[in-house]
Asker: 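Can you keep this structure in mind? I'll have questions shortly.
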Amino acid sequence: MALTVKQQLFLAVLVFAFPFSAISGDPDILSDFVVPPGMNLTLLDGNFFTYTGMRPLFNSDPPTNFTVTKASMAEFPALNGQSVSYAVLQYPAGSVNPPHTHPRATELLFLTYGVLEVGFVDTTNKLFTQSLQAGDMFVFPKGLVHYQFNSAKNDMAIAVSAFGSAAAGTVSVPSTVLGTGIDDVILAKSFKTDVDTIQKLKAGFPPKA
């Protein structure tokens, strides 16, 4: 079913009110904003600074798989040079955002609905975990491996994340390790297992074309 009016209102307020003070990872620019190549500055208007890609969140049914809707420089060119981007994350019951990193930005997550189990691992291999409820925030330090899991059996979760970069980047640990063609023997030795086990794991992560 679609989001309730209360959930939609909370999400809308959050998107506009979420702090833009996340730690910046982008270089400073020497102008007010960056005009894309080939675009005439004199023809710019408010449309250039407006992103409508989040509208479907308010009139469509919740997804059946974990889904990320991004507003980064790739989707919203006006963010170039502004050191900020957003993502709305929707987690059906029991779904996971697998371990991954954002090499160019800290992530500040605000849980707007449901519950989440979250965690990250620092450079000393210490795991930091937390159980979040709606209204809680959690910060994932820049570049560290982290994850989110909706432990609820019958209810979805919704979160909004702010990033201190217009292009935070995402490196998924499972698909990067198992879906990019790294030699089976190298992986077997790295994970202290056998090639057959590695091949079975790789079967779930076919290389992207």
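Only this structure's heavy atoms are used, side chains among them; waters, hydrogens and symmetry mates stay out.
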Asker: For T64, enumerate each residue passing the side-chain hydrogen bond (donor to acceptor under 3.5 Å, both in side chains) test, keeping only those at least two apart in sequence or located in another chain.
Answerer: none
Asker: Might you work through the side-chain contact (heavy atoms from CB on, under 4.5 Å) test for V145 and H100, ending with a clear yes or no?
Answerer: CA-CA 5 Å; V145 174; H100 62 282; over 6 Å; no
Asker: Is the distance from the ring center of H102 to that of F163 below 6.0 Å?
Answerer: yes
Asker: Does CG belonging to L30 count more than 12 external heavy atoms closer than 6.0 Å?
Answerer: no
Asker: Tell me if a side-chain donor or acceptor on T176 pairs with a main-chain N or O of V173 at a distance below 3.5 Å.
Answerer: no
Asker: Using the rule that Ile, Leu, Val, Met, Phe, Trp and Tyr join whenever any side-chain heavy atoms are under 4.5 Å apart, tell me whether M39 and F33 fall into a single cluster.
Answerer: yes
Asker: Does any donor atom in the side chain of E107 or S161 lie under 3.5 Å from an acceptor atom in the other side chain?
Answerer: yes
Asker: Mind checking the CZ-OG1 spacing from R55 to T69? Nearest 0.5 Å is all I need.
Answerer: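 Taking CZ in R55 and OG1 in T69, the distance rounds to 14.5 Å.
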Asker: Using the side chain to side chain contact (heavy atoms under 4.5 Å, CB included) criterion, which residues pair with A157? Sequence neighbours excluded.
Answerer: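 Scan of A157 (side chain to side chain contact (heavy atoms under 4.5 Å, CB included), adjacent residues dropped) gives Y91, L111, L116, N150.
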Asker: Would you say that T193 contacts I198 through its side chain, given a criterion of any heavy-atom pair below 4.5 Å between the two side chains?
Answerer: yes
Asker: Tell me whether F49 is reachable from V84 by hopping between hydrophobic residues (I, L, V, M, F, W, Y) whose side-chain heavy atoms are closer than 4.5 Å.
Answerer: no
Asker: Return the minimal non-hydrogen interatomic distance between F66 and L89, and the atom names on each side.
Answerer: CZ-CD2, 3.8 Å
Asker: Can you confirm whether D26 sits close enough to S165 that some side-chain heavy atom of one is under 4.5 Å from a side-chain heavy atom of the other?
Answerer: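 D26 reaches S165 side chain to side chain.
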Asker: Can you name the nearest heavy-atom pair linking E75 to A71, along with the distance?
Answerer: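 Result for this residue pair: OE1-C, 3.9 Å.
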Asker: Start with the C-alpha gap between F140 and T101, add the side-chain angles, then the distance that decides, and say whether side-chain contact (heavy atoms from CB on, under 4.5 Å) holds.
Answerer: CA-CA 9 Å; F140 300 103; T101 71; over 6 Å; no
Asker: Can you tell me how far the CD1 atom of I158 sits from the OG1 atom of T67, to the nearest 0.5 Å?
Answerer: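 If we round to the nearest 0.5 Å, I158:CD1 and T67:OG1 are 11.0 Å apart.
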Asker: Any chain of hydrophobic side-chain contacts (each under 4.5 Å) joining M156 to V115?
Answerer: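 M156 and V115: separate clusters.
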Asker: Quick check on the hydrophobic clustering: are L109 and F149 connected, directly or via other members, by side-chain heavy-atom contacts under 4.5 Å?
Answerer: no
Asker: Which atom names give the shortest non-hydrogen contact between A166 and S72, and what distance separates them?
Answerer: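 So the minimum-distance heavy-atom pair works out to O-CB, 3.5 Å.
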Asker: Any link between F58 and V160 through a network of hydrophobic side chains (Ile, Leu, Val, Met, Phe, Trp, Tyr) touching at under 4.5 Å?
Answerer: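 Linked within one cluster.
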Asker: For side-chain contact (heavy atoms from CB on, under 4.5 Å), just list the numbers for T197 and F191, CA-CA rounded to whole Å, side-chain angles, deciding distance to a tenth of an Å, and then say yes or no.
Answerer: CA-CA 10 Å; T197 298; F191 287 100; over 6 Å; no
Asker: State yes or no: are the ring centers of F120 and H146 separated by less than 6.0 Å?
Answerer: no
Asker: Output every pair passing salt bridge (Lys or Arg N to Asp or Glu O under 4.0 Å) with a member in residues 179-195, not counting sequence neighbours, ordered by first then second residue.
Answerer: D184-K202
Asker: Quick one: closest heavy-atom pair of A168 and A105, and the distance?
Answerer: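 Result for this residue pair: CB-CB, 3.7 Å.
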Asker: State the CG-CD distance between N65 and Q90, to the nearest 0.5 angstrom.
Answerer: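 Going from the CG atom of N65 to the CD atom of Q90 covers 11.5 Å.
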Asker: Taking the six-membered ring for Trp, are F110 and F138 closer than 6.0 Å centroid to centroid?
Answerer: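 For F110 and F138, the ring centres are not under 6.0 Å apart.
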Asker: Show your reasoning for whether side-chain contact (heavy atoms from CB on, under 4.5 Å) applies to V88 and M54.
Answerer: CA-CA 8 Å; V88 176; M54 298 294 181; 3.8 Å; yes
Asker: Say you draw a straight line from OG of S83 to CD1 of I29; how long is it, rounded to the nearest 0.5 Å?
Answerer: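 Between atom OG of S83 and atom CD1 of I29 there are 8.0 Å.
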Asker: Where is the tightest heavy-atom contact between P99 and P174, given as atom of each residue plus distance?
Answerer: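 Heavy atoms of P99 and P174 come nearest at O-CD, 3.3 Å.
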Asker: Any non-hydrogen side-chain atom of F128 less than 4.5 Å from a side-chain atom of D122?
Answerer: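 In contact.
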Asker: Give, for atom OG1 of T123 and atom CG of L144, the distance between the pair rounded to the nearest 0.5 Å.
Answerer: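 It comes to 7.0 Å.
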Asker: So, taking the atom named CG in L79 and the one named CE in M73, what distance separates them when rounded to the nearest 0.5 Å?
Answerer: 8.5 Å
Asker: Count the heavy atoms belonging to other residues, nucleotides or ligands that lie under 6.0 Å from CD of Q133, then report whether that count exceeds 12.
Answerer: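 For Q133, atom CD is not crowded (no more than 12 foreign heavy atoms under 6.0 Å).
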